[in-house]
Amino acid sequence: MKSYIYPAATSTSRALIRYIIDMMNREPERIFHIAFSGGTTPSLMFDIWAHEFKKETPWMRMRIFWVDERCVPVKDSDSNYGTMLRLLLREVGMPDEFVFPIDGACRHPEKEAKRYSNLVFGTVPLRRGFPAFDLVLLGAGDDGHTSSIFPGQEYLLSSFHPYEASVNPYNGQPRIAMTGCLLFNARKIVFLITGKNKTDVVYDIMKSGDTGPAAYVAHHAESVDIFTDVEITG
């Protein structure tokens, strides 16, 4: 695992954007399949990306997917797709045919998880029998959850269904989550975690592999980088 530590959330976001652009520029003939997470920190990154890196990003070689989604309408402020659509995709004129959202407005999360699993299977190149994203961007909650996989839902890390329905145990909100078969098959996992309130989570991700879903993914995935403004010592 490689860690990239910066002074603030803004500089961390800029560094990650540059990281993604450089990754794509190293292979100028390739199409890149990238799965994004939602939340406050990615929202900051999306805003910076639209206003500072619009012209130098090879948008036409990017296919955009989601790691997870809250089961809310796209116009809801909780919608991961809706947030990225508003802050980034519309701003840069990303063609709809290159964007593959999870339908958060669905009434049956289990059915939508199956539909999205089939879509990803039919769109993302396979490796070892499963879709292999070029990059999966993850965050982590204060409790160590990632990809809408909360503590106590670790069975989703061993699922062979690419996406499954999950539930936020704190408020009962239904969600749809990328599971272990895709997380551990990704060519690159990148964690973006900022804020001093995430110090314990970042410590667990860097130092331990069995203290929650995020830490487990970080220590068992093939290739993992972490971008953060949290300095860990010891």
Side-chain angles (χ1 to χ4, degrees), residues 1-26 32 34-59 62 64 66-70 77-92 94 133-148 170 183 186 188-209 211-219 221 223-234:
M1 183 191 311
K2 294 182 180 179
S3 58
Y4 300 86
I5 303 171
Y6 299 90
T10 51
S11 53
T12 305
S13 295
R14 288 189 181 98
L16 178 52
I17 295 165
R18 171 58 57 195
Y19 172 100
I20 294 172
I21 293 172
D22 289 347
M23 175 189 74
M24 297 181 69
N25 285 341
R26 284 193 295 270
F32 284 79
I34 302 176
F36 288 91
S37 295
T40 303
T41 305
S43 294
L44 173 63
M45 183 183 75
F46 298 153
D47 189 56
I48 292 172
W49 206 337
H51 292 93
E52 298 182 21
F53 296 88
K54 175 180 177 179
K55 292 184 179 180
E56 60 183 297
T57 302
W59 301 108
M62 190 183 293
I64 294 176
W66 271 262
V67 172
D68 60 343
E69 185 58 276
R70 301 172 177 92
S77 60
D78 273 353
S79 170
N80 291 341
Y81 166 55
T83 298
M84 190 177 185
L85 179 66
R86 183 180 71 257
L87 295 178
L88 180 61
L89 302 179
R90 284 177 180 162
E91 292 291 326
V92 303
M94 192 70 176
F133 285 103
D134 295 291
L135 188 148
V136 172
L137 178 64
L138 296 177
D142 295 350
D143 61 352
H145 83 264
T146 194
S147 176
S148 290
Y170 309 111
L183 291 168
K188 175 68 72 174
I189 293 281
V190 174
F191 282 92
L192 173 62
I193 306 173
T194 61
K196 303 309 176 187
N197 61 311
K198 298 290 182 71
T199 298
D200 290 344
V201 173
V202 173
Y203 180 89
D204 287 342
I205 287 174
M206 290 186 178
K207 303 295 184 180
S208 174
T211 53
Y216 187 89
V217 170
H219 284 263
S223 181
V224 178
D225 292 341
I226 178 169
F227 283 72
T228 185
D229 61 357
V230 177
E231 185 76 48
I232 298 296
T233 58

Give a yes or no answer on whether the side chain of [X] reaches the backbone of [Y] with a donor-acceptor pair at less than 3.5 Å.
X	Y	answer
His145	Ala140	no
Lys198	Val230	no
Thr228	Ile193	yes
Asp229	Gly195	yes

Gap separating the [atom1] atom of [X] from the [atom2] atom of [Y], nearest 0.5 angstrom:
X	Y	atom1	atom2	value
Thr146	Ile205	OG1	CD1	7.0 Å
Met23	Leu135	CE	CG	5.0 Å
Asp225	Met1	CG	CE	9.0 Å
Ser3	Phe191	OG	CZ	13.0 Å
Thr199	Asp204	OG1	CG	11.0 Å
Leu16	Ile226	CG	CD1	11.5 Å

Closest heavy-atom pair and its distance - [X], [Y]:
X	Y	value
Tyr6	Ser11	CB-OG, 3.5 Å
Ser148	Asp68	OG-OD2, 2.7 Å
Glu91	Leu87	CG-O, 3.4 Å
Gly139	Ser37	N-OG, 4.1 Å
Ala186	Val136	CB-CG2, 3.7 Å
Val217	Val224	O-CG2, 4.3 Å

Test item: Val67 and Leu137 side chains (from C-beta on) under 4.5 Å apart, heavy atoms: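 When only atoms from C-beta onward are counted, Leu137 and Val67 do not touch, as no gap falls below 4.5 Å.
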
Applying side chain to side chain contact (heavy atoms under 4.5 Å, CB included) to Leu138 and Ser147, what does each step give before you reach the verdict? CA-CA 7 Å; Leu138 296 177; Ser147 176; 4.3 Å; yes

Residue list, side chain to side chain contact (heavy atoms under 4.5 Å, CB included) with Asn25, at least two apart or on another chain: Ile21, Pro58, Arg61

Under 3.5 Å donor-acceptor pairs involving side-chain atoms of residues 42-50, not counting sequence neighbours:
residue: Ser43; atom: OG; partner: Gly39; partner atom: O; Å: 2.8
residue: Asp47; atom: OD1; partner: His51; partner atom: ND1; Å: 3.4
residue: Trp49; atom: NE1; partner: Thr57; partner atom: OG1; Å: 2.9

Can you name the residues that form a salt bridge (Lys or Arg N to Asp or Glu O under 4.0 Å) with Asp142, not counting sequence neighbours? none

Among Glu69, Arg70, Met84, find the residue that satisfies the side chain to side chain contact (heavy atoms under 4.5 Å, CB included) test when tested with Ser79. Glu69

Run the numbers on Ile20 and Phe32 for side chain to side chain contact (heavy atoms under 4.5 Å, CB included), then give the verdict. CA-CA 10 Å; Ile20 294 172; Phe32 284 79; over 6 Å; no

Paired with Trp66, the ring pair (Phe, Tyr, Trp, His ring centres under 6.0 Å) test is passed by just one of Tyr81, Phe36, Phe133, namely Tyr81

What class does the angle between the rings of Phe227 and Tyr4 fall in, given that below 30° is parallel, 30 to 60° is tilted and above 60° is perpendicular? parallel

If the threshold is 4.0 Å, N to carboxylate O, is there a salt bridge linking Arg18 and Glu56? yes

Within the supplied structure, the quantity of interest is the number of heavy atoms (other residues, nucleotides, ligands) at a distance under 6.0 Å from Lys196 NZ; does it exceed 12? yes

